[in-house]
Amino acid sequence: MERTYVMLKPDAYERRLIGEIISRIERKNFKITDIKMLNLNKAMLAKHYAHLVNKPFYSALEKFMMSGPVVAMIVEGENVVQGIRNLMGATKWLEAIQGTIRGDYANNTTENLIHGSDSIENAEIEIERFFGSK
Ligand code: UDP
Ligand code: MG
């Protein structure tokens with residue numbers, strides 16, 4: 001069965017939206033097979049966001065991602081990688097349509113509540129990074 005890596009960001013925790021977002025994932029009938037809360041550090045973030053470390057917004061992103069705990073999950077289901085991306089909505093908050101998590105709750109492109117892997121290959125890399133071999 002396909003798996004993906006999902007991470008609820010510190011704004012989801014701060015805004016008390018953890019339950020709401022998990023409910024949306026479960027209502028879609030995706031299965032959470034592991035879950036934990038953790039605090040990220042600079043080294044973990046530099047690996048996770050390696051494609052962004054040279055962007056002008058990276059230091060703000062890093063600060064935000066270390067501002068509180070994240071909730072890390074392994075989520076399983078048919079076509080779950082794309083399915084979670086659909087539930088999330090677009091990266092840029094103004095492009096995220098209503099009914100998606102970002103469309104309904106985000107008004108900022110950095111503080112956008114949720115991470116979901118962008119490919120099956122990256123999902124396995126991210127699961128290994130945050131949960132070890134499973
Ligand atoms: N991000 C940002 N400004 C941007 C683009 C991205 O702060 O212009 C942040 C945002 O939190 C985003 C994360 O960097 O979720 C990772 O960016 P990516 O392009 O991988 O978007 P995602 O896969 O999260 O939709
Ligand atoms: Mg991404």
Side-chain angles (χ1 to χ4, degrees):
M1 185 61 81
E2 190 171 304
R3 309 190 296 173
T4 193
Y5 176 68
V6 173
M7 185 159 66
L8 309 187
K9 299 183 180 184
D11 55 339
Y13 176 77
E14 182 61 31
R15 294 174 60 186
R16 318 296 193 253
L17 288 170
I18 298 297
E20 164 65 22
I21 296 171
I22 288 175
S23 290
R24 288 176 178 225
I25 292 169
E26 289 199 324
R27 283 205 298 264
K28 196 66 179 170
N29 202 20
F30 290 135
K31 187 175 177 182
I32 297 167
T33 60
D34 206 346
I35 184 166
K36 64 180 175 184
M37 194 177 278
L38 73 158
N39 291 283
L40 301 181
N41 60 38
K42 287 190 180 198
M44 293 162 94
L45 279 166
K47 281 186 200 156
H48 180 66
Y49 285 138
H51 60 301
L52 301 173
V53 287
N54 295 318
K55 300 279 187 192
F57 58 80
Y58 186 74
S59 62
L61 176 61
E62 187 184 60
K63 188 175 172 205
F64 161 60
M65 291 298 294
M66 296 194 306
S67 67
V70 299
V71 176
M73 285 178 263
I74 302 173
V75 184
E76 197 176 285
E78 196 175 331
N79 292 314
V80 69
V81 170
Q82 187 59 51
I84 289 287
R85 296 292 303 191
N86 292 354
L87 286 181
M88 285 165 56
T91 307
K92 292 182 182 166
W93 74 273
L94 273 173
E95 293 173 7
I97 60 170
Q98 304 307 301
T100 66
I101 292 161
R102 288 167 170 174
D104 287 349
Y105 297 114
N107 69 350
N108 187 289
T109 291
T110 298
E111 302 191 11
N112 61 3
L113 299 154
I114 181 169
H115 166 83
S117 307
D118 61 10
S119 67
I120 293 174
E121 189 189 13
N122 282 335
E124 291 301 323
I125 292 168
E126 291 172 357
I127 287 168
E128 168 75 30
R129 178 176 301 131
F130 289 98
F131 285 93
S133 47
K134 270 194 175 278

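Both ligands and their constituent atoms are indexed starting at 1 by order of listing. Because only heavy atoms are used, hydrogens play no part in the values below, and waters and symmetry mates are left out as well, while side chains stay in.
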>> With a 4.0 Å heavy-atom cut-off, what residues sit around ligand 1?
In response: Lys9, Tyr49, His51, Leu52, Phe57, Leu61, Arg85, Thr91, Arg102, Thr109, Thr110, Asn112
> Just how far is it from atom CD1 of Ile22 to atom CE of Met73, taken to the nearest 0.5 Å?
Replying inline: 4.5 Å
> Got a sec: does the NZ of Lys31 have more than 12 other heavy atoms crowding it under 6.0 Å?
Replying inline: no
> Quick one: ring-ring contact (aromatic ring centres under 6.0 Å, His included) partners of Phe64, sequence neighbours excluded?
Replying inline: none
> What is the minimum heavy-atom distance between Pro10 and Met65, and which atoms define it?
Replying inline: CG-O, 3.7 Å
>> Suppose the criterion is side chain to side chain donor-acceptor pair (under 3.5 Å): which pairs have a residue in residues 49-78, not counting sequence neighbours?
In response: Lys9-Tyr49
>> Enumerate the side chain to side chain donor-acceptor pair (under 3.5 Å) contacts for residues 84-100, please, sequence neighbours excluded, ordered by first and then second residue.
In response: Gln82-Asn86
